[in-house]
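Report on the structure given below.
Just so it is clear, the model here is predicted, and its values are computed rather than measured. Every chain is numbered from 1, with letters handed out A, B, ... down the list of sequences.
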2 protein chains.
Amino acid sequence: MNDRPEDAPQRRSKGERTRARILDSAAELFSRTGFNAVSLRDIAAHAGMTHAGLLHHFPGKEAMLLEVLARRDRTDARTVFPGIVRPGTPARASDRLRGLVDLVVRNSRTHGMVALYTKLSAEATDPGHPAHHYFKERYRVVRAELTELVGALRAEADPPADVEPAVVAVQLLALMDGLQTQWLLEPEAVPMEALVRAFLAGLGLAPDDGAGRSPVSA
Amino acid sequence: MNDRPEDAPQRRSKGERTRARILDSAAELFSRTGFNAVSLRDIAAHAGMTHAGLLHHFPGKEAMLLEVLARRDRTDARTVFPGIVRPGTPARASDRLRGLVDLVVRNSRTHGMVALYTKLSAEATDPGHPAHHYFKERYRVVRAELTELVGALRAEADPPADVEPAVVAVQLLALMDGLQTQWLLEPEAVPMEALVRAFLAGLGLAPDDGAGRSPVSA
DNA sequence: GTCTATATCGCGATAGAC
DNA sequence: GTCTATCGCGATATAGAC
């Protein structure tokens, strides 16, 4: 999934480095075919071990999935929703909106991460899926954060935008998810960044940077 | 998946009835956990047979999946995209838009059908998935049909709507898909019909019926 | 900390009786 | 048209050597 390992492995014990390597492999393979279709042997082979070696570091397959998800969110949420990671951190609404668009751009370059979340969020709608509660809570939090963001944007906008924050939040989140499915099937047909920008612009909420020069570094 | 069997089983040979019963069971189970996680033995037990009995009617698991999908589309596409089923059939754009909203309403009542497509479309983004080409083509066709529909609506609208049909088509399809994922996780938080109507209204493309009395019979 | 070896299970698919 | 029986495979998981 990741184009590069998640956490720098230098200053860690051997066990921690091995754990990280295993999670990298699991994330990579889950992103290809989802959770159910990946075996411990697949992950072990990708990480250069046997499946028995894996189970020395993790109690089972489910535990690995949940760690993969938690690690990814820890890394990714910082940009758009600093409130999740460091509550109380101030950030201008327009900056956060630009961060959101940057996230879309970054997603367009990391097929694996998009595939991971698309497949797992769909699988996890099943109440019996190990990640069901994780995704339910994740969507709740993201909707709340987006609602707050849209509310702040509405106040900053000139002219003031006539939008209902909670409605736009659900729609925007749904739009981004749905675009990802189509983009995975046929990337050329779905320019995600432009389509998200067009949606925001239609509401009078366009980010205040140039459409072409959005920095991906964020 | 279906709250009721797909085709009325009365006037059919025993073989055809058995086939239909098997497909009902397969659809039901695929809608719960996707394709990969369901076994032939699961389907057989649900249909009241052994897995060997299944394989008298279908050459394999893949063939069953593709038949489930094709049967569902055959039934469902008629309402919104008569062009798919009977090319050349004329239908006013506003009627087709109402048909689309009715489809959203009907989906809100059939959890299983929504779960089936949400899980399978996500799984099928994997190029190696048996339904990959099916979904790729399906999205192409639906995007084209929606583009045509939005174009026709733009012409009929009063005042004329300022929208780009191809852009709105991708966005609308993505919105509906994304809403379904959130709705499956937490139905109360996602009133799909209202959110789709709000999106259309924002573009000046609202369907011309009352918001509350949309008939589901379509 | 990672290995080999093994136990136990369920899979998709086939062959052949009835 | 459906069954039982069986094949070959790969799954998760455990035990114990090194």
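For A:Asp126, there are no side-chain hydrogen bond (donor to acceptor under 3.5 Å, both in side chains) partners two or more places apart in sequence or in a different chain. Among residues two or more places apart in sequence or in another chain, the ring-ring contact (aromatic ring centres under 6.0 Å, His included) test is passed with B:Phe30 by B:Phe35. By the side-chain contact (heavy atoms from CB on, under 4.5 Å) test, B:Ala93 pairs with B:Arg96, B:Leu149, B:Ala152, B:Leu153, B:Glu156, sequence neighbours left out. Shown here are the side-chain contact (heavy atoms from CB on, under 4.5 Å) partners of B:Pro187, two or more places apart in sequence or in another chain: B:Trp183. With sequence neighbours left out, B:Pro127 forms a side-chain contact (heavy atoms from CB on, under 4.5 Å) with B:His132. Remark: A:Gln171 pairs with no residue by the side-chain hydrogen bond (donor to acceptor under 3.5 Å, both in side chains) rule, at least two apart or across chains. When the side-chain contact (heavy atoms from CB on, under 4.5 Å) test is applied to B:Ala189, the partners found at least two apart in sequence or on another chain are A:Arg143, B:Glu186.
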Practice item. Show the numbers, then the answer: is there a side-chain hydrogen bond (donor to acceptor under 3.5 Å, both in side chains) between A:Asn107 and A:Tyr117? Key: CA-CA 11 Å; A:Asn107 283 348; A:Tyr117 270 92; over 6 Å; no

With a cut-off of 3.5 Å and sequence neighbours excluded, list every side-chain donor-acceptor pair involving residues 46-55 of chain B.
unit_1  : atom_1 : unit_2  : atom_2 : d
B:His46 : ND1    : B:Ser25 : OG     : 2.9
B:Thr50 : OG1    : B:Gly53 : N      : 3.3

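If you run side-chain contact (heavy atoms from CB on, under 4.5 Å) between B:Ser31 and each of B:Val68, B:Leu116, B:Thr118, only B:Leu116 comes through.
Near DNA chain C, meaning a heavy atom under 4.0 Å from it, residues 54-62 of chain A has A:His56, A:His57 in order of number. Near DNA chain D, meaning a heavy atom under 4.0 Å away, there are no residues from residues 32-43 of chain B.
No N or O donor and acceptor, one from the side chain of A:His51 and one from the base of D:dA11, sit under 3.5 Å apart.
With C:dT2, C:dT4, D:dT4 as the choices, the nucleotide that has an atom nearest any side-chain atom of B:Thr50 turns out to be D:dT4.
At whole-Å resolution of the value, CZ in B:Arg21 and P in D:dG1 are 12 Å apart. What separates CD of A:Glu16 from C1' of C:dT2 is a distance of 18 Å, to the nearest Å.
Considering only side-chain N and O atoms, B:Thr18 lies nowhere under 4.0 angstrom from the phosphate OP1 or OP2 of D:dG1.
Sequence neighbours left out, the pairs with a member in residues 29-56 of chain B that pass salt bridge (Lys or Arg N to Asp or Glu O under 4.0 Å) are B:Glu28-B:Arg32.
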Distances for protein N/O vs nucleotides 16-18 of chain D N/O pairs under 3.5 angstrom?
none

